[in-house]
2 protein chains.
Amino acid sequence: MPDRKAELKVIDGGSAADNASANKDSSGPESMTSQAYTRLREDIISGILRPGQKLKIEELRLQYDVGTSPIREALSLLTSDHFVERLDQRGFKVSNVSEEEFGELLKTRCWLEEKALRESILHGDSSWEEQVVLAAYRLSRVPRYENENDFVANPEWEQRHKHFHMTLISACGSALLLKFCDQLYDQNVRYRQLSGKKAYPTRDITAEHGALCDAALARDAELASRLLVEHYDRTGNFLKNQIGK
Amino acid sequence: MPDRKAELKVIDGGSAADNASANKDSSGPESMTSQAYTRLREDIISGILRPGQKLKIEELRLQYDVGTSPIREALSLLTSDHFVERLDQRGFKVSNVSEEEFGELLKTRCWLEEKALRESILHGDSSWEEQVVLAAYRLSRVPRYENENDFVANPEWEQRHKHFHMTLISACGSALLLKFCDQLYDQNVRYRQLSGKKAYPTRDITAEHGALCDAALARDAELASRLLVEHYDRTGNFLKNQIGK
DNA sequence: TCGTACAAAAATATCGATTTTTTTATGGAC
DNA sequence: GTCCATAAAAAAATCGATATTTTTGTACGA
């Protein structure tokens, strides 16, 4: 075992993998487990690791160049995100997807986010308002796609999009609910990636976000909720046909 | 802290840990990881492992008599239930509790379960109705406490109580939402255990369950929701004073 | 042809030792 | 006394080897 270490120590340029972390702490060197967790997570969301695929420890161990323990631990952690399934004595596998499950996901997201949004609108203070404005602005400043021609997703947009939606509901008063919404959001991203669909039907998503932002700031819970659900439903219905196998 | 060990080894009379399992599969021999998972979970819920307590691998390894890998894996799995926290490079610890967090938990439970109950009432078929009736009946057939004098909780009642509440919302149409409710329920059990309070104020919990059951079967979503939230709020407010540290 | 039993192979699960990192303890310097 | 550096101890993380279990493949008999 020569010097894999030196190489690994350098990782993590600080771009920060959103909230997708295996632990709470952030400072100090990153453990092999955390690294494996992040990479596995990315590979599952991006679809490199296919739904239903068996996750053989030995294979991953070689591929990611770590021991069995970190791999197994990372997979165990991924279990909570519903990205990985664990079967006693028969290892791990990537969670399956289906049109039915996607429908459920969409429905559940709408339920939870609507509730969170209403509470947020009810209780959000001026700091929340400012954060919403800022998040909306930041989202509007980056293009949806890296290249308008080939419709390759812009990671910066993805990140800001999530941040905008999470900020909207951040004042709901329940960290638990926020966590659930966060999970569902990431699940949804996975479905979006898997659909393989790059371009969306011509609709002005930016305008939708703007309207949503305005309604929230105007404390119009009814309107905001309606816009949010419509926002999700529209994307959802579009994706639905793409799934299945 | 001398020999808590002997005590620990005896736990788990085989009464089956509800749905608290580390994996999906059920047949075949149970892995060390699953065993450790179950025991750790029980010990945390029951309060043997105190909130905030550091979970030293070596200690647990000796106490539970398994290697480091199963312990670490089990702890990683417990992370998803919010029973254990993981800190990169500094191990695991039992999740903390606080009155504030309990309030949040209670609130979130009400939000989610109310939604689930309404959906369940809206979509539940005759099979659901029958299951509800059955669950309510079974719950009514066992005493709340093992001994009416010392108010020691009756595990059978605990299990049936959970089953009743989960059955009520089982027709909500979202496995995801059910999972969340399940998690929150178990969190709540932990708080109940930690409060150390055995006896509840004189109120007819059985009657409350009966009324809730009736309202659900009568498809009276408004009434059922109100009863459910009241049911939780009452217990919650009672427990609140007991917590803190 | 099908089902079964058994052996070989593959993969999982587990262990115990080793390496790394964090925590604790100690000893000045200011 | 407080701050910092450093050494020692403790704990976490990781590895690689071994033990178990599941899966696969094959021959046999109904």
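Residue numbering restarts at 1 for every chain, and letters A, B, ... go by the order of the sequence lines.
- As rounded to whole Å, 11 Å separates atom P of D/dG16 from atom CG of A/Leu62.
- Comparing D/dA12, D/dT22, C/dC15 against the side chain of B/Ser69 picks out C/dC15 as the nearest.
- OP1 or OP2 of D/dT23 sits under 4.0 Å from a side-chain N or O of A/Arg90.
- When the C1' atom of C/dT12 is taken as reference, atom CG of A/Leu60 falls 13 Å away, rounded to whole Å.
- When every heavy atom of B/Gln53 is checked against every heavy atom of B/Ile48, the shortest pair comes out as OE1-O, 4.3 Å.
- A side-chain donor-acceptor contact under 3.5 Å links A/Ser120 to the backbone of A/Leu168.
- Of the candidates D/dT21, C/dC15, D/dG16, D/dT21 carries the atom nearest the A/Gln89 side chain, counting heavy atoms from C-beta on.
- Residue A/Thr33 places at least one side-chain N or O closer than 4.0 Å to OP1 or OP2 of D/dT14.
- Residue A/Glu73 contributes atom CD, which lies 13 Å from atom C1' of D/dC15 at whole-angstrom precision.
- Protein atom CD of B/Glu30 is 15 Å distant from nucleotide atom C1' of C/dT14, rounded to whole Å.
- For the pair A/Arg86 CZ and C/dT12 C1', the interatomic distance rounds to 10 Å; values are reported in whole Å.
- Judged by a 6.0 Å distance limit and a 45° cone about the ring axis, B/Arg138 is not positioned over the six-membered ring of B/Phe164.
- Atom C1' of nucleotide C/dA13 and atom CZ of A/Arg61 are separated by 14 Å, given to the nearest angstrom.
- End-to-end axis angle for the helix from C/dT1-D/dA30 to C/dC30-D/dG1, using five pairs per end and rounding to 10°, comes out at 30°.
- Protein atom CD1 of B/Ile71 is 16 Å distant from nucleotide atom P of C/dA13, rounded to whole Å.
- The side chain to side chain donor-acceptor pair (under 3.5 Å) test applied to B/Ser76 returns no partner, not counting sequence neighbours.
- A distance-only check finds no donor-acceptor pair linking the side chain of B/Ser174 to the backbone of A/Thr108 [under 3.5 Å].
- OP1 or OP2 of D/dA12 has not a single side-chain nitrogen or oxygen of B/Arg72 nearer than 4.0 Å.
- Between A/Lys93 atom NZ and D/dT22 atom C1' there is a gap of 16 Å when expressed in whole angstrom units.
- Aromatic rings from B/His165 and B/Tyr232 are positioned such that their centres are separated by under 6.0 Å.
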Please tabulate, one pair per line, each protein N/O and nucleotide N/O from nucleotides 9-11 of chain C that are separated by under 3.5 Å, including the distance.
from: C/dA11; atom 1: OP1; to: A/Lys56; atom 2: NZ; distance (Å): 3.0

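- Classified by interplanar angle (parallel below 30°, tilted 30° to 60°, perpendicular above 60°), the ring pair A/His82/B/Phe180 is perpendicular.
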For this session: In sequence, state the C-alpha distance, the side-chain angles, and the governing distance for A/Arg192 and A/Glu158, and then conclude on salt bridge (charged side-chain N to carboxylate O under 4.0 Å, His left out).
Result: CA-CA 11 Å; A/Arg192 179 143 45 84; A/Glu158 294 287 355; 2.9 Å; yes

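- Not one N or O on the side chain of B/Trp157 forms a donor-acceptor pair closer than 3.5 Å with the backbone of B/Glu146.
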